[in-house]
Protein chains: 2
Amino acid sequence: MRESAAEATLAAELIAVMVAANATAPRILTVEDGRALPSGPFASSHRSLQSGLRAWVEERTRHPLGYVEQLYTFADRDRTSGGTRRAISISYLGLTREAPAPPETGASWQDWYRYFPWEDRREGEPAVSSSLIAPALRAWAKTAPAPWARRERSERAAIAFSLSGQAWNEEFSLQRYELLYEAGLVPEAGAAASAARAHATSPAPSLGTPMLHDHRRILATGIARLRAKIKYRPVVFELMPPAFTLLELQLVVEALAGMRLHKQNFRRLVARQELVEETGAMIAETGGRPARLFRFRRAVLRERAASGTKLPLLAQPR
Amino acid sequence: MRESAAEATLAAELIAVMVAANATAPRILTVEDGRALPSGPFASSHRSLQSGLRAWVEERTRHPLGYVEQLYTFADRDRTSGGTRRAISISYLGLTREAPAPPETGASWQDWYRYFPWEDRREGEPAVSSSLIAPALRAWAKTAPAPWARRERSERAAIAFSLSGQAWNEEFSLQRYELLYEAGLVPEAGAAASAARAHATSPAPSLGTPMLHDHRRILATGIARLRAKIKYRPVVFELMPPAFTLLELQLVVEALAGMRLHKQNFRRLVARQELVEETGAMIAETGGRPARLFRFRRAVLRERAASGTKLPLLAQPR
DNA sequence: CTCCATAATGCTCAAATAGAGCATTTCCGG
DNA sequence: CCGGAAATGCTCTATTTGAGCATTATGGAG
C-alpha cells in the first residue's frame, strides 16, 4: 500500500503560539506589528520539530520556553495567498512568562482578546457578541439556499455562541472563529466573504483585529487547546511567577478561560489537588487582608501522572 | 521575525492509524504483512491533508472512513533509516468498522495487542510485563551513570508501568513504548539498543511484534489518543455496528482500554448520558437472558456539544 | 422436566465531589 | 475608630462515583 511514486516536495514552516498571562489578560507573542505569529522555516539542521521550534524562539526572544506541545499541522491548498509552492505549517503551543521582547526583532506581546473580543466573558456577554455577531449569524443562517442548510447553520451558530440559552463553552473558540470565517464576518475570509455576504445589506463589521494568512485561526486553535488543557493538567503554573497568591492564580485562569470562577470553590479545588505549597511569605499589597504566597508543587508532575479517569473501572480482574 | 531565507524542501507523507474493533480485540489496518501502517505521499492534488488521507485510504480499502482526526506530525532526523531526503510524516487516527481488506492491496487487519502485549490488562497483568519488562526496566534504571539519572529512570518506569503499586493508567501507552525504546528493549531501537543494553547480560527479549521505521511509536500515539478520547467523546460508536447490545459495547470499550469495567456502572453511565436508544429488537444468542439491542443516538453529537467542565464556574458575573 | 450457568436488569448504600453562600479575620486608608 | 477589600474557614445540599446484592430470562445438560 505504500506509494513508491515520487513524493510531493514542499516547504515546511514552524509557527508558534507563545502564551503568557498576567492578572488582566492572556498575552501572545506576535511579529509584524501584531499582525502575525512568529514563524520560521524548519531547517534541516534541526534535530526534530520541537527542537527546531525551541531553537529559533529562544534565539529570538532570548527567553527559555518551558512547556511546549505540538498543536496542529495545516496544509490547505488555499492557505498561502498566491505563493508559488505549497507549504506545510506545523504549529506549536508554548507557555512562558512575559519578558520584554527585544525591539530589534519586531516582536511584541499582545492581549489575545484583541483578536477575539467575543471570547472574553469575564464581564458578561460583550457588546460585540450580542449586537453584532448574533444578528449577523442569524442573518447568515437565513441566506443558506436549502432548508436543511439553514437549520444546520443556525444550529451550529446557536451551539457555538450560545444563542439559544445554552451554557457558554469557552473551549469552542476555534469553532466560533470558523463560523465567523464561513459567514464572511472576518476580513481574512477574503473572497469567500463576498459570496457569504451576498445578501447582506451592510459591510462586514469589524470583529477583532485581523491577522495575516490563517494566523488567527491558528491562534484560535491554540486558545481552544489551552482552555481545554488547564482543566486536567497543571499547566497554568508555567504562566505564573515563582510565588503567587491564590487570587493571582485564579485571575490568570479566569483570563485564559474568559470566565469568572467561584473563589472559594476554586481554592478548594487547588487545595484538594495539592497543586501548591506555601512559601511561608505573605504579601500585603492586595487591597485587603494580606495573602499567603504559594509556589507550584513540582512534585505533582511526577505523582499525578494519573489523569482523571472517567471509566467505571473494575477493581479486580473478574 | 519571519525568516525569508530559503526554506527547507522536503517530502511529506500521510500515515494512517485505522482502528476497528470487535468484542475480543481492537484491530488496526496494516500493510507489508503486518509490519507497517498504511502510508502514502501527500500529493499536491489533495485539497487538504485530511482530504488527501481520506482519498487514498478509501481508494485502497473501498471503505468509507467515518471519524478521522489528525494525530501528530513526526520529523525527527533519525526517523528515516538512511533515506536520502528528510521526510515529514503527518499521522491521522481513523475509526471504522472492519471490512475484509482487498487482498491485492497487501493490507490486513491485526490485533493491536500483537504489537503491545503489555497493554492488555483485561486478564490482569500479563506475564510479559511482570516477568520480562519489570525486571528489565529496573536493571536499565540501575545502569544510568549518574545517581539522579538512576532515580529519574526508575521513577519514570514506575509511573508508566505501575511498578510501585500505582494504579495502571491505560493512557500512557506512548510513554511506555518510549521507555522500552530508550531501554533498548524493542528491536526498533537499533543502534540505541546496544548502548542502552551495554551492561545487560541477556539479549533483548521479544516484546511484541516490531514494525518498520517508527510505525509502532505512531501506533502507540494513536492508542493513547483513542484511550483518552473515549472517556469524554462518544467516539466508540464509530466502531460499533448499527445495532448492538450493551455488553457488546462494553466489550469494545474494554478491548480499547485494555481493562475491565464494572458492568452495572458502565450501563448507568451510558444511560445517564443518553448515548443510545432501544431499537425495539432483542437478541437471544447471548448465552444468558436475551439482551435488548440499541443504536447510537446521533443527536447527542449536536446536543452534547458541551463537554465536561471542571472549572468551578461562577453563575453570575460578579 | 428440573437444575444450572450465564447474562440482562433493577436497585441500594455510602463515600466523594461539585455548586452556592454565609461568616470571620486582617490590614489599609481615612 | 470605621468602612472597604480580600483572605480564609465552614456549612449544606444535590450530584456523581464506586461497589455490590437481588431478581429475571434463556438455553443446555442431566
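All values derive from a computational prediction rather than experimental measurement. Labels below follow one simple rule: chain letters A, B, ... track the order of the sequence lines, proteins then strands, and each chain is numbered from 1.
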Would you mind reading off the distance between [X] atom [atom1] and [N] atom [atom2], rounded to a whole angstrom?
X: A:Leu293; N: D:dA7; atom1: CG; atom2: C1'; value: 12 Å
X: A:Phe244; N: D:dA6; atom1: CZ; atom2: P; value: 19 Å
X: B:Phe266; N: D:dG18; atom1: CZ; atom2: C1'; value: 16 Å
X: A:Leu313; N: D:dG20; atom1: CG; atom2: P; value: 13 Å
X: B:Gln250; N: C:dA7; atom1: CD; atom2: P; value: 12 Å
X: B:His262; N: D:dT16; atom1: NE2; atom2: P; value: 18 Å
X: A:Arg260; N: C:dG19; atom1: CZ; atom2: P; value: 18 Å
X: B:Lys263; N: C:dG10; atom1: NZ; atom2: P; value: 13 Å

Any Lys/Arg nitrogen of [X] or [Y] sitting under 4.0 Å from an Asp/Glu carboxylate oxygen of the other?
X: B:Arg97; Y: B:Glu238; value: no
X: B:Glu278; Y: B:Arg292; value: yes
X: A:Arg260; Y: A:Glu254; value: yes
X: B:Glu171; Y: B:Arg227; value: no
X: B:Arg121; Y: B:Glu170; value: no

Worksheet item: Does the D:dG9 base have a donor-acceptor partner in the side chain of A:Arg267 within less than 3.5 Å?
Response: no
Discussion item. If only side-chain N and O atoms count, and only distance matters, is there a donor-acceptor pair under 3.5 Å linking B:Gln175 with B:Ser173?
Written reply: no
Discussion item. Nearest 0.5 Å, please: how far is CG in B:Leu95 from CD1 in B:Ile230?
Written reply: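 Going from CD1 on B:Ile230 over to CG on B:Leu95, the span is 10.5 Å.
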Practice prompt. Under 4.0 Å between any heavy atoms, over every strand shown, what does B:Arg268 touch: base, sugar-phosphate, or nothing? Just pick one.
Written response: base
Worksheet item: Heavy atoms under 4.0 Å, any strand shown: does A:Arg292 hit a base, just sugar-phosphate, or nothing?
Response: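 Here A:Arg292 touches the backbone only, sparing every base.
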Worksheet item: Parallel, tilted or perpendicular: which describes the rings of B:Phe116 and B:Tyr177, with under 30° parallel and over 60° perpendicular?
Response: perpendicular
Fill in: DNA chain C: 5'-proximal contact among B:Glu248 and B:Asn265 (nearest heavy atom)
B:Glu248
Practice prompt. Let me have a per-nucleotide readout for nucleotides 22-30 of chain D, 5' to 3', with B, S or -, counting only protein heavy atoms under 4.0 Å.
Written response: --BBB----
Worksheet, complete the sentence: Students should find that the end-to-end axis angle of the helix from C:dC1-D:dG30 to C:dG30-D:dC1, with five pairs defining each axis and rounding to 10 degrees, is 10°
Item to complete: Taking all heavy atoms of A:Met240 and all of A:Val252, pick out the closest pair and write down the distance.
Response: SD-CG2, 3.6 Å
